[in-house]
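Since the structure comes first, as structure tokens, the remarks are kept for the end.
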Amino acid sequence: MTLTQDVARTVAGLRDDVCALHAELPRYGLVAWTAGNVSARVPGAELLVIKPSGVRYEDLTPQSMVVCDLDGTVVEGDHAPSSDTAAQAYVYRHRADVGGVVHTHSPYATAWAARAEPVPCVLTMCADEFGGDIPVGPFAMIGDDSIGRGIVETLAGSRSPAVLMQNHGVFAVGPTARDAVKAAVMCEDVARTTHLARQLGAPVPVSEADTDRLFERYQHVYGQQEERS
Ligand SMILES: O=C(CO)[C@@H](O)[C@@H](O)COP(=O)(O)O
């Protein structure tokens with residue numbers, strides 16, 4: 001496939017953005033070695049930009065990012081794409097609202113995934129970002145679209161932008177790749193604090209009504225309004 005000039009320009013910008021966002025994963029302690037990845041949808045094209053498989057974070061460059069179509073076939077790039085390409089392509093095909101997907105093995109959230117237990121909504125920050133519990137998705141094999149199916153099915157009934165895939169780790173989505181990275185960072189923070197609370201005793205759930213109010217406020221009022229335009 002030959003990219004049109006407009007798409008090629010958009011892809012060049014996304015290569016820079018997706019490469020830069022990868023640096024946030026080790027910075028926030030969400031990954032070890034080459035685990036984890038970030039992808040972004042190419043607006044207006046049936047394409048995505050994703051991390052090359054197995055490349056260390058310090059070696060990632062915009063040029064090493066891989067462009068694939070939404071079937072996971074490489075369209076532009078010198079490296080093999082991430083192991084999660086088929087999974088994330090499935091998400092893009094079935095969730096038109098998703099512009100970015102992130103995968104991490106962040107320790108506290110992944111510990112909850114190992115137990116296949118949702119992170120309960122006992123913190124205002126959980127209500128803010130996830131609108132309730134952080135759900136658990138099914139065990140799914142790596143390399144095909146199984147994980148993608150689990151993500152879409154699990155999130156279908158939830159306001160959460162993150163899902164704990166059983167025995168595996170965190171997958172987070174968002175309107176942009178930056179939003180997805182933010183959800184992954186907050187997922188780990190909430191999982192850690194909730195775990196600590198559990199060590200002290202039984203945490204008190206945030207009521208459903210308060211969860212709704214907190215979620216609406218955070219999604220539509222919090223921060224600088226121009227960010228929301
Ligand atoms: O957990 C998995 C696949 O889901 C890891 O292999 C993944 O974190 C990293 O794989 P890639 O380097 O993106 O191919």
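Both counts, for ligands and for their atoms, begin at 1 and track the order of listing.
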* Shortest non-hydrogen contact from Ile147 to Ala87? -> CB-CB, 3.8 Å
* To do: Determine, for Glu129 against Lys182, whether the closest basic-nitrogen to carboxylate-oxygen distance falls under 4.0 angstrom.
  => yes
* Asked: Who are the residue neighbours of ligand 1 when the rule is a heavy atom under 4.0 Å from any of its atoms?
  -> Thr34, Ala35, Gly36, Asn37, Lys51, Ser53, Gly54, Ser82, Ser83, Asp84, His103, His105, Ile142, His168
* Donor-acceptor contact below 3.5 Å, side chain Thr10 vs main chain Asp6 -> yes
* Over 60° means perpendicular and under 30° means parallel, so classify the ring planes of His168 and Phe171, tilted if in between. => perpendicular
* Side-chain donor or acceptor of Tyr108 paired with backbone N/O of Cys187 under 3.5 Å -> no
* **Under-4.0 Å salt bridge between Arg27 and Glu24** => yes
